[in-house]
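Each remark here refers to the structure printed beneath this line.
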Amino acid sequence: DTRSENVRELWLDSPWDVWKDARARVLGERRWLQVAIVAIFIALLAAAVRECDPWVALVLGLGAVPLLTNLTCYYYGFMMGFAALWLLNPLTGVALLALSLVTAVIPALILADDDRYTAVSLVIVLYVFAITVWFMRRGRSTTRVEPA
């Protein structure tokens, strides 16, 4: 009921005010879910970085940003830090390119702004979890790719 396309005509004092209030209310009601997701991520991250080099832990730690903040659009530029993981496994770089492609296609497929941003956030969180789980499962057996 509170999606942007449903409340667009209900602005009171400024554009998006009704939507922002509804969003804040729903986020408050579902705070437990965010806390649970963050706790799961922190546990996975701790397991993933247990035997990694510090720089890998730093890159994987960037994954906490989309879970702890409300970012939009170009603020997701920090995700480029994950490109450094290509040195350990080229598939992480390919996955990052695929993520970039998906986040560029979403706006063409989803017209409502809030739905678009939700979809982008979801694929970014899925990427972060997937890469973190991959490093958790690989452990020290990851071999470095030496540039030519």
Side-chain angles (χ1 to χ4, degrees), residues 1-7 15-17 19-148:
D1 294 341
T2 58
R3 290 177 49 236
S4 64
E5 63 186 21
N6 296 337
V7 299
W16 296 97
D17 61 353
W19 179 85
K20 287 178 187 176
D21 289 344
R23 182 175 186 273
R25 178 184 49 78
V26 171
L27 286 175
E29 292 169 358
R30 297 178 185 168
R31 183 67 62 199
W32 65 270
L33 181 59
Q34 182 184 17
V35 169
I37 291 170
V38 169
I40 291 167
F41 173 73
I42 297 299
L44 292 172
L45 179 64
V49 301
R50 187 177 10 198
E51 297 180 12
C52 287
D53 292 334
W55 72 268
V56 175
L58 179 64
V59 172
L60 292 175
L62 289 172
V65 174
L67 297 171
L68 298 173
T69 62
N70 291 312
L71 301 179
T72 57
C73 302
Y74 61 88
Y75 293 111
Y76 278 116
F78 76 89
M79 292 294 292
M80 289 176 51
F82 280 87
L85 298 176
W86 172 84
L87 293 169
L88 299 177
N89 184 327
L91 288 179
T92 60
V94 172
L96 186 60
L97 288 172
L99 174 68
S100 179
L101 175 64
V102 168
T103 61
V105 169
I106 285 173
L109 300 176
I110 301 174
L111 301 180
D113 288 334
D114 54 345
D115 294 341
R116 181 183 306 150
Y117 297 138
T118 299
V120 168
S121 297
L122 179 62
V123 296
I124 287 173
V125 168
L126 290 175
Y127 170 85
V128 165
F129 268 88
I131 295 298
T132 304
V133 167
W134 186 85
F135 272 86
M136 181 189 74
R137 296 186 76 200
R138 292 289 292 175
R140 273 281 192 208
S141 65
T142 305
T143 56
R144 181 182 170 100
V145 174
E146 294 297 328

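Every pair passing ring-ring contact (aromatic ring centres under 6.0 Å, His included) that includes a residue from residues 20-45 is listed here, sequence neighbours excluded: Phe41-Phe129. Here side chain to side chain donor-acceptor pair (under 3.5 Å) pairs that include residues 93-107, with residues two or more places apart or in two chains, number zero.
Counting heavy atoms from C-beta on, the side chains of Arg30 and Gln34 never come closer than 4.5 Å. Between Val128 and Met79 the shortest side-chain heavy-atom distance falls below 4.5 Å. By the 4.5 Å heavy-atom criterion applied to side chains, Leu27 and Arg23 are counted as neighbours. Looking at heavy atoms from C-beta onward, Leu101 lies out of side-chain contact with Leu97 at the 4.5 angstrom threshold. Trp134 places none of its side-chain heavy atoms less than 4.5 Å from the side chain of Leu91.
Residues passing the side chain to side chain contact (heavy atoms under 4.5 Å, CB included) test with Val56 are Cys52, Asp53, Leu60, Leu85, Leu88, Phe135, sequence neighbours excluded. In this structure, Tyr76 has no ring pair (Phe, Tyr, Trp, His ring centres under 6.0 Å) partners at least two apart in sequence or on a different chain. Listed by chain and number, the residues in a side chain to side chain contact (heavy atoms under 4.5 Å, CB included) with Ala47 are Arg50, Met136 (sequence neighbours excluded). For Leu68, the side chain to side chain contact (heavy atoms under 4.5 Å, CB included) partners are Val38, Ala64, not counting sequence neighbours.
Taking OG1 of Thr118 as the reference point, atom CG of Asp113 lies at 10.5 Å (rounded to 0.5 Å). Distance OG/Ser121 to CD1/Ile106: 9.0 Å, rounded to 0.5 Å. Atom OG1 in Thr92 sits 6.0 Å away from atom OH in Tyr127 (nearest 0.5 Å).
Contact record, Leu96 with Ala83: CD2-N, 3.5 Å, taken as the closest heavy-atom pair. Counting all heavy atoms, side chain and backbone alike, Ala119 lies closest to Ile110 at CB-CD1, 3.7 Å.
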